[in-house]
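These numbers come from a predicted model, not from an experiment.
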Amino acid sequence: MALFSALKAHLGGLGFVLFWALAASGIYLYIRFDTSVGGAYASIGEMEWWFGGVLRSLHRYAADAFVVVTMAHLVKELWQGRFRGFRAFSWISGVPLVWLLYASGIVGYWLVWDARAQFSFLATLESVQLAPLGAKVSDRLFSFFVFLHIGLPLALLAAMWIHVQRLGRPRTGAPRALAAMTVGSLLVLALVWPVASEPAEAATSVAIDWFLLFAHPLMYATSPAVLWTALLGITLVLVAVPYLAPKEKLLPAIVDPANCNGCGRCVADCPYEAVIVKDGKASVFAERCAACGICAGACPSSTPFRSVQHLSSGIDLPDMTVDSLKRRVKAALPAGELVFHCETSKGPGLAVRCIAMLPPSFIEYALRNGAGRVRAVGCAECAYRLGMDLADERFARARMPRLRPNVRYSRSGHEYSFALR
């Protein structure tokens, strides 16, 4: 269960891990590869012994795993509704990645130039009504295949970079243990079940890699027109999804210039790059704001110890202000235990939009004003990406605003417990 949760939480990061595994193994294979149409198949055959064979198999299985991880990531984001509003840019910029991934993989198959590669190349030509060109493969055209198999992954990497541009602290990697387990599993698979070329001689049937080459059997079962209509139709639907779905009614964070000192903590902690500092004050891009309140939790003015009648934060949510949180805390005290939880975590206690919206000073305030113990309950997987990470760093006194040393804490899963020393 823990492994499944880790996989689900780091699908995007695993995509980057698999890309670099493909790049590393691909560099070695390219060094050993004969880039002529006459020598390609033979050079691949020479590599099917020991180290070259392991890396070739790793390259193939990493490509298949990349497809699985990408599609799982897409389905997960779609299922959880993470495609509208402030997430629309990331969603739409992710759609071309699917095309680039498949194009890179298919062209990679052509380089082997075995029976499966020739079948794939001819099927691709037939799908665009260029089948007669299949009989004219020359060294120059084969060099173009090599160029495509280098250029398309580079374009894929550039598109992946664009895909995460509106994310604060993007996860372009996975935890070391998960990354090592993933690559290690692929290596074991490469050793136990090595990849082999299909004989280059004419064959009546070839084994299909259904992860990457499914489009060819689909075309022959229907027609090129049906194939392209389906693929383009699915692409257009995916691009249009953010505009077809009902819009979320979010009230973006607002800045109070009188209480903002331009420190930039809100900028550093925003999960969606929605805040900048301009002319010495914070400024919010409303269309990017997730209304998560993490910025309010980062603001140095969001402390209940301030001697003011109305607690105004430098940046705040209009529908769930820091002042309203202070009033709710005061109304709940004294109490043997006071619980803060994010809105998606059900149960008794005081709800905040995200657990990282809770400034650590509120915990000390509650403990000093009648709470015997304080608990903070977050999400197993943060709805706003960084909530649990930021809260953990603040409570561990590794990030501002920090939990003061006179408060001890412990963590169990996504739940924290606090008491005065």
Side-chain angles (χ1 to χ4, degrees), residues 3-4 6-7 10-35 39-73 97 100-121 145-146 148-150 152-154 156-157 160 172-200 203 205-214 216:
L3 176 60
F4 176 76
L7 283 169
H10 295 282
L11 288 170
L14 275 178
F16 279 89
V17 170
L18 291 168
F19 178 90
W20 294 119
L22 283 163
S25 56
I27 289 171
Y28 175 85
L29 295 175
Y30 178 73
I31 293 171
R32 297 280 307 277
F33 183 62
D34 186 335
T35 58
Y41 178 77
S43 68
I44 291 292
E46 292 172 1
M47 282 190 282
E48 288 180 353
W49 296 96
W50 188 226
F51 190 63
V54 171
L55 284 186
R56 183 202 173 185
S57 299
L58 173 65
H59 196 72
R60 154 76 180 277
Y61 292 134
D64 290 344
F66 199 178
V67 171
V68 173
V69 165
T70 299
M71 299 312 295
H73 181 56
L97 298 181
L100 288 169
L101 172 57
Y102 273 100
S104 300
I106 290 172
V107 173
Y109 263 109
W110 296 351
L111 296 183
V112 181
W113 209 237
D114 61 355
R116 180 168 42 231
Q118 294 173 37
F119 162 76
S120 175
F121 177 59
F145 294 169
V146 176
L148 284 178
H149 195 52
I150 295 173
L152 287 171
L154 288 175
L156 174 61
L157 180 61
M160 290 164 68
T172 55
R176 290 182 180 180
L178 181 60
M181 185 198 71
T182 302
V183 176
S185 299
L186 295 175
L187 279 171
V188 170
L189 184 60
L191 287 166
V192 174
W193 193 5
V195 171
S197 301
E198 293 278 335
S205 64
V206 295
I208 292 294
D209 178 355
W210 290 96
F211 294 103
L212 285 165
L213 303 180
F214 72 92
H216 302 328

Check your understanding: Does Leu100 have any side chain to side chain contact (heavy atoms under 4.5 Å, CB included) partners at least two apart in sequence or in another chain, and if so, which?
Key -> Leu152, Ala155, Leu156, Ala159
**Study point:** Where Arg56 and Ala196 come nearest, the two heavy atoms and their spacing
**Key:** NH1-C, 4.0 Å
Review point. Which residue pairs pass the salt bridge (Lys or Arg N to Asp or Glu O under 4.0 Å) test when at least one of the two sits in residues 58-69, sequence neighbours left out?
Key: Arg60-Asp64, Arg60-Asp209
Review point. Do Phe211 and Phe66 come close enough that some side-chain heavy atom pair is under 4.5 Å?
Key: no
Exercise for review: Give the minimum heavy-atom separation between Gly173 and Phe16, together with the two atoms involved.
Suggested key: N-CB, 4.5 Å
Review point. Can you list the residues that meet the side chain to side chain donor-acceptor pair (under 3.5 Å) rule with Tyr28, with sequence neighbours excluded?
Key: Arg32
Study note, to complete from the structure: Residues at least two apart in sequence or cross-chain that pass side chain to side chain contact (heavy atoms under 4.5 Å, CB included) with Thr35, listed by chain then number, are Tyr30, Phe33, Val146
Exercise for review: Report the distance from atom OG of Ser57 to atom CG of Leu191, rounding to the nearest 0.5 Å.
Suggested key: 8.0 Å
Practice item. Hey, can you tell me if Tyr61 and Trp193 have their rings parallel, tilted or perpendicular (30° and 60° cut-offs)? Key: tilted
Point to revise | Residue pair Thr182 / Leu14, side-chain heavy-atom distance below 4.5 Å | key: yes
Revision key, fill the gap. Rounded to the nearest 0.5 Å, the OG1 atom of Thr70 sits from the OH atom of Tyr102 at a distance of 8.5 Å
**Study point:** Trp113 versus Phe121, closest heavy-atom pair with distance
**Key:** CH2-CD2, 3.7 Å
Revision key, fill the gap. Ala40 and Leu111 have their tightest heavy-atom pair at CB-O, 3.5 Å
Revision key, fill the gap. Applying side chain to side chain contact (heavy atoms under 4.5 Å, CB included) to Ala65 and not counting sequence neighbours gives Leu18, Leu186
Check your understanding: Among pairs that include at least one residue of residues 17-26, which meet side-chain hydrogen bond (donor to acceptor under 3.5 Å, both in side chains), considering only residues two or more places apart or in two chains?
Key -> Ser25-His59
Review point. Which atom pair, heavy atoms only, marks the closest approach of Leu212 to Ile106?
Key: O-CG1, 3.7 Å
Study note, to complete from the structure: Residues passing the side chain to side chain contact (heavy atoms under 4.5 Å, CB included) test with Ala207, sequence neighbours excluded, are Arg116, Glu198
Study note, to complete from the structure: OG of Ser43 to CG of Asp34, rounded to nearest 0.5 Å, is 5.0 Å
Review point. What pair of heavy atoms forms the shortest contact from His73 to Gly12, and how long is it?
Key: ND1-N, 3.9 Å
**Study point:** Gap between atom CG of Leu157 and atom CG of Leu97 - 0.5 Å precision
**Key:** 10.5 Å
Exercise for review: Under the ring-ring contact (aromatic ring centres under 6.0 Å, His included) rule, collect the residues that match up with His216, sequence neighbours excluded.
Suggested key: Phe119
